[in-house]
Amino acid sequence: MAPDASTASEVTSSVILPGRRRGVATRLEQGVLIMESRAFERRIPVAAIERVEITGAKGRSLVLVLTAPEKTHGESWKVDSRSAPAVRAFADALRMLLPVRDAGEVRTDGALLVTRVPLEKPAIGWRRAALRLSVSLYLLAAAAMLMTGLLGAYGWYAALACWLIGSLAIPIRHGVSAGWDMAREAWRLRTSGVLVEGRKSYYGSYEFTDLDGRIRSLRDSYESEERVRVLYDPADPQQTAQVGHRTAGTLAFGGLVCLLSLAMVIALAAIGLAGPLAALRVLSVDALY
């Protein structure tokens with residue numbers, strides 16, 4: 001369980017308007033409206049905005065009209081979203097920041113204040129590249145087995161079935177990771193943990209003071225006592241803590257989950273590889289029995 005450190009200051013969350021497409025969003029930051037896209041950011045000072053309008057089907061579009069000199073039409077920008085409530089909330093937050101202007105006040109050209117900043121695309125990490133390559137090879141192999149089966153080599157249907165069954169090893173692999181993390185956390189608490197007293201603050205939550213004097217909150221829905229013992233790791237109190245000092249059961253359960261998941265992953269991976277190898281006649285079918 002991960003406790004949350006209490007803070008004295010209050011942080012106000014700014015409203016963000018997500019766009020229809022991935023990587024597109026609009027947000028407010030220190031008096032500047034920032035329109036994000038995958039390639040660039042368009043920065044519009046709030047002082048350059050004349051008014052805000054809600055348009056589109058069911059109010060899912062936001063139109064920003066910029067200021068303009070007399071007898072000219074101001075440039076406008078349209079932001080499309082999937083959520084009408086998100087558009088209304090963003091429009092209300094933006095209208096509160098717009099300056100109050102008189103009807104006869106001289107306007108400047110707001111388009112001159114708009115800046116466009118190109119964004120550098122982050123480099124693709126080797127892990128993401130390896131993941132994309134492995135997924136591509138997996139799909140190509142499955143497609144090749146299917147096409148071979150359609151062309152008459154019916155043994156490849158069984159190979160494709162084994163390949164798909166072996167694919168279950170991918171989600172079960174997370175069980176290995178979860179069991180390992182559980183056992184490792186219990187071992188850290190068992191060998192390096194500090195036991196302190198925690199007091200109930202509200203339903204399902206306990207507060208305790210760490211060695212640095214910071215008050216931390218830990219959620220636990222299984223305890224109902226007013227005072228409990230809290231075991232936490234001083235090296236990482238933000239992530240590793242639990243109510244009670246019993247670690248043997250958690251350690252054993254985490255190890256069991258890890259071993260069982262590992263055995264299932266190995267078995268499923270063997271099934272997934274056995275089919276294509278048998279179809280290629282690298283592995284004899286009789287040897288499987």
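This structure is a prediction, so every number in the text was calculated from the model and none was measured.
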Side-chain contact, heavy-atom cut-off 4.5 Å: [X] with [Y]?
{"X": "Phe90", "Y": "Thr26", "answer": "yes"}
{"X": "Val63", "Y": "Trp77", "answer": "no"}
{"X": "Val243", "Y": "Leu231", "answer": "no"}
{"X": "Ile49", "Y": "Leu98", "answer": "yes"}
{"X": "Leu62", "Y": "Ser81", "answer": "no"}
{"X": "Val32", "Y": "Val46", "answer": "no"}
{"X": "Leu97", "Y": "Leu28", "answer": "yes"}
{"X": "Arg95", "Y": "Asp92", "answer": "yes"}

Shortest non-hydrogen contact between [X] and [Y], atoms and distance:
{"X": "Pro276", "Y": "Gly272", "answer": "CD-O, 3.0 Å"}
{"X": "Arg227", "Y": "Glu197", "answer": "CD-OE2, 3.7 Å"}
{"X": "Tyr232", "Y": "Ala241", "answer": "CB-CB, 3.6 Å"}
{"X": "Gly255", "Y": "Ala183", "answer": "N-CB, 4.0 Å"}

Please check if the number of heavy atoms outside [X] that lie under 6.0 Å from its [atom1] is greater than 12.
{"X": "Phe253", "atom1": "CZ", "answer": "no"}
{"X": "Met264", "atom1": "CE", "answer": "no"}
{"X": "Arg199", "atom1": "CZ", "answer": "no"}
{"X": "Arg229", "atom1": "CZ", "answer": "no"}
{"X": "Gln30", "atom1": "CD", "answer": "no"}

Once rounded to the nearest 0.5 Å, what's the spacing between atom [atom1] of [X] and atom [atom2] of [Y]?
{"X": "Glu75", "Y": "Glu50", "atom1": "CD", "atom2": "CD", "value": "14.0 Å"}
{"X": "Ile170", "Y": "Ser134", "atom1": "CD1", "atom2": "OG", "value": "8.0 Å"}
{"X": "Arg43", "Y": "Arg116", "atom1": "CZ", "atom2": "CZ", "value": "14.0 Å"}
{"X": "Leu146", "Y": "Leu151", "atom1": "CG", "atom2": "CG", "value": "9.5 Å"}
{"X": "Asp80", "Y": "Thr55", "atom1": "CG", "atom2": "OG1", "value": "7.5 Å"}
{"X": "Glu185", "Y": "Asp233", "atom1": "CD", "atom2": "CG", "value": "9.0 Å"}

Is [X] linked to [Y] within one hydrophobic cluster, defined over Ile, Leu, Val, Met, Phe, Trp and Tyr using a side-chain heavy-atom separation of less than 4.5 Å?
{"X": "Val52", "Y": "Leu66", "value": "yes"}
{"X": "Val135", "Y": "Met145", "value": "yes"}
{"X": "Leu94", "Y": "Leu113", "value": "no"}
{"X": "Val230", "Y": "Val194", "value": "yes"}
{"X": "Leu273", "Y": "Tyr138", "value": "yes"}

Original post:
Can you list the steps and then say if Thr247 with Gln242 is a side-chain contact (heavy atoms from CB on, under 4.5 Å)?
Top reply: CA-CA 9 Å; Thr247 56; Gln242 69 177 34; 3.8 Å; yes

Subject >> Phe40 and Arg42: CA distance, side-chain angles, deciding distance, side-chain contact (heavy atoms from CB on, under 4.5 Å) verdict >> reply: CA-CA 7 Å; Phe40 60 89; Arg42 182 176 286 111; 3.7 Å; yes

Original post:
Given the rule in the side-chain contact (heavy atoms from CB on, under 4.5 Å) test, do Leu133 and Leu137 qualify, once you have shown the distances and angles that lead to the verdict?
Top reply: CA-CA 6 Å; Leu133 179 60; Leu137 292 176; 4.2 Å; yes

**OP:** Examine Arg216 relative to Phe208 and say whether NZ or CZ is less than 6.0 Å from the centre of the six-membered ring and inside a 45° cone about the ring axis.
**Re:** no

**OP:** List the steps and the verdict of side-chain contact (heavy atoms from CB on, under 4.5 Å) for Trp180 and Leu262.
**Re:** CA-CA 10 Å; Trp180 173 255; Leu262 181 61; over 6 Å; no

Subject >> Ser167 side chain vs Trp163 backbone, donor-acceptor pair below 3.5 Å >> reply: yes

